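Just so we're clear, the structure is a prediction, and the values are computed from it rather than from any experiment. Order of appearance sets the numbers: ligands from 1, and atoms from 1 within every ligand.
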Amino acid sequence: MASKTPVVDVHTHMYPPEYIQILESRGAIPIVRSFPGTPDPRIVLLSTEITPLKEAEAAAARGEETPTSSLPGRPLTSHYASVEQKIHFMDTHGIDVSVLSLANPWLDFVDSDQAGGLAASVNAGFSAMCKAHPGRLFFFAALPVTAPAPILLKTIADVATLPYCRGVILGTGGLGSGLDDPDMEPVLAALGEAGLTIFLHPHYGLPGEVWGPRGGTTGEYGHVLPLALGFPMETTIAVTRLFLAGVFDRLPKLRLLLAHSGGTLPFLAGRIDSCVRHDAHLWKAAKTRRSIWDVLHEQVYLDAVIYSDVGLQAAIAASGGAQGGGLDRLMFGTDHPFFPPLETDEQGEWESVSMNADAVKKALGDGSESAAAIMGGNAVRILRLYEEATEKA
Ligand code: 5CU
Ligand code: ZN
């Protein structure tokens with residue numbers, strides 16, 4: 001009997017316990033704080049959460065309780081740090097394999113002299129989780145982006161030998177000045193040469209002013225503007241900057257997996273292409289370079305974390321040209337442990353997961369070969385999940 005294609009979640013995060021301890025010891029965002037009258041501490045990650053954080057801290061100092069709905073960040077439940085909880089979540093949703101990654105803001109804020117050691121310990125923690133659940137867990141390693149270059153490059157060489165590591169997770173900040181920073185190029189080159197896929201994920205969004213007085217730090221519009229719009233634009237801008245800098249042409253082995261189906265890149269690639277062709281400064285160079293479409297077809301993969309068949313169809317079309325060849329470049333994800341259900345048991349099914357799974361079914365047909373590819377077959381092939389996880393020399 002033919003074996004069923006596994007369901008693989010390529011976008012699923014954790015904060016290992018040693019990382020949580022660091023957040024607990026901090027005085028600024030990213031931070032973990034407990035408040036009176038609430039069972040779970042809060043994990044506060046985004047700069048837009050500063051006002052509710054200050055208000056809740058001031059209330060606590062006065063001995064007052066803040067209503068749960070006004071607390072900053074999100075409750076730090078077991079979903080964030082427990083591997084048993086991850087496995088339970090996978091079992092509940094029919095997910096056979098997860099490719100774990102540290103959640104944002106990764107090691108971006110860590111002091112330079114501590115970053116290398118923390119990266120080694122976080123990556124060892126992920127390795128141990130994978131080893132305890134062979135065949136079910138793999139991971140994207142965390143990089144010490146604030147460490148001196150030799151330490152960062154040594155980390156890349158080290159993680160490439162870790163048996164369950166299949167790539168790295170990276171924010172759009174790079175070493176602090178973005179991914180198109182010339183100092184970032186040797187890092188990207190090393191990742192490409194090592195065959196490590198970069199899972200590119202947003203964190204910083206757009207400057208707070210764009211959200212207006214009601215959408216910024218007041219909390220009136222919750223997290224909707226920074227998460228639904230800021231995150232995708234951040235990814236779009238980071239990849240477009242890399243493209244304009246010519247990095248994809250210089251580093252043909254570079255492979256990026258873009259979070260949230262590439263932000264708005266599938267929708268805007270045509271406009272980017274047109275702007276390049278009509279820019280007096282760029283068009284001559286553009287003639288000898290591959291286009292943004294070539295990059296999408298050859299060096300970029302997209303996750304399927306887009307929550308609707310409409311966006312998913314655009315992502316598939318943008319990834320593979322007119323023949324729909326992009327079906328082989330999309331990979332299912334959940335974004336667990338973010339977006340838990342607000343009104344049902346967190347140990348049950350999550351609507352944020354079924355929205356993504358349903359989008360695949362609606363776009364491609366329930367039980368179709370192409371749906372199975374996006375739900376897991378592509379990840380198995382692209383991330384070499386069939387390779388036995390043995391210690392490499
Ligand atoms: O809800 C959020 O803030 C987030 C986040 O920080 N990171 C992520 O991947 N998804 C949602
Ligand atoms: Zn995510």
Side-chain angles (χ1 to χ4, degrees), residues 8-16 19-20 23 29-33 40-53 69 71-77 79-81 86 89 93 95 98-109 126 139-142 167-173 197-206 208 211 215-217 219 221-236 238 256-263 301-307 311 315 331-342 346 350-353 355-356 379:
V8 181
D9 182 357
V10 300
H11 188 152
T12 181
H13 305 293
M14 287 188 74
Y15 293 113
Y19 189 91
I20 299 279
L23 298 193
I29 295 172
I31 192 170
V32 168
R33 271 279 168 281
D40 295 310
R42 307 290 293 191
I43 179 160
V44 186
L45 301 169
L46 307 177
S47 59
T48 47
E49 294 167 339
I50 181 89
T51 303
L53 174 64
S69 61
L71 284 169
R74 43 206 82 49
L76 180 62
T77 63
H79 285 267
Y80 285 83
K86 180 70 76 182
F89 171 84
H93 293 91
I95 295 166
S98 285
V99 187
L100 306 172
S101 51
L102 184 64
N104 50 297
W106 317 283
L107 306 179
D108 284 17
F109 60 92
F126 278 120
F139 75 105
F140 292 115
V168 301
I169 186 156
L170 198 60
T172 61
T197 299
I198 299 171
F199 179 23
L200 183 66
H201 195 289
H203 169 71
Y204 300 96
L206 296 179
W211 309 127
T217 57
Y221 301 155
H223 291 157
V224 173
L225 294 173
L227 288 182
L229 308 182
F231 268 30
M233 280 316 298
E234 177 189 346
T235 306
T236 309
L256 297 186
L257 163 60
L258 305 185
H260 315 124
S261 298
Y301 307 110
L302 304 177
D303 73 19
V305 182
I306 189 72
Y307 307 98
M331 296 182 252
F332 174 72
T334 63
D335 218 350
H336 179 256
F338 296 102
F339 308 114
L342 296 179
E346 284 195 8
W350 289 28
E351 189 187 29
S352 55
V353 178
M355 284 175 84
N356 282 319

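Among all non-hydrogen protein atoms, the one lying nearest atom 7 (N) of ligand 1 is Asn104 OD1, 2.7 Å. When hydrogens are left out, the protein atom nearest atom 3 (O) of ligand 1 is Arg74 NH2, 2.8 Å; that is the closest non-hydrogen contact. For atom 11 (C) of ligand 1, the closest non-hydrogen atom of the protein is Phe338 CG, 3.3 Å.
Side-chain contact of Glu234 with His203: a donor-acceptor pair under 3.5 Å is absent, judged by distance alone.
Scanning all heavy atoms of the two residues, the minimum distance from Pro16 to Leu102 falls at CD-CD1, 3.5 Å. Among all heavy-atom pairs drawn from Thr197 and Tyr301, the shortest one is CG2-CD1, 4.5 Å. Residues Ser261 and Val305 come closest through the heavy atom pair OG-N, 3.7 Å.
The distance from the Zn ion (ligand 2) to the nearest N/O/S atom of His260 is not under 2.8 Å.
Counting only distance, with no hydrogens or angles, the side chain of Asp9 and the backbone of Thr334 share a donor-acceptor pair below 3.5 Å. In this structure, Asn356 contributes its side chain and Tyr307 its backbone to a donor-acceptor pair below 3.5 Å. His13 contributes no side-chain N or O that, together with a main-chain N or O of Asn104, makes up a donor-acceptor pair within less than 3.5 Å. Although no hydrogens or angles enter the test, the distance criterion places a donor-acceptor pair under 3.5 Å between the side chain of Ser352 and the main chain of Phe339.
Close contacts of ligand 1 with His13, meaning ligand atoms under 4.0 Å from a residue heavy atom, involve 9 (O). Using a 4.0 Å cut-off to heavy atoms of Asp335, the atoms of ligand 1 that qualify are 8 (C), 9 (O), 10 (N). Close approach of ligand 1 to Leu46 is summarised as follows: ligand atoms under 4.0 Å from at least one heavy atom of the residue are 3 (O). For ligand 1, the atoms sitting less than 4.0 Å from at least one non-hydrogen atom of Leu45 are 6 (O), numbered in the order shown with element in parentheses.
Rounded to 10°, the angle that NE2 of His11 and NE2 of His201 form at the Zn ion (ligand 2) is 100°. Vertex the Zn ion (ligand 2); arms to His13 atom NE2 and Asp335 atom OD1; angle 90° (nearest 10°).
From Thr12, atom OG1 reaches atom CG of Asp303 across 11.5 Å, with rounding to the nearest 0.5 Å.
At under 3.5 Å, not a single nitrogen or oxygen of His11, backbone or side chain, sits near a nitrogen or oxygen of ligand 1. Residue His201 has at least one nitrogen or oxygen atom sitting less than 3.5 Å from a nitrogen or oxygen atom of ligand 1, judged on distance alone.
Residue-ligand proximity: His203 is placed with every non-hydrogen atom at 4.0 Å or more from ligand 1.
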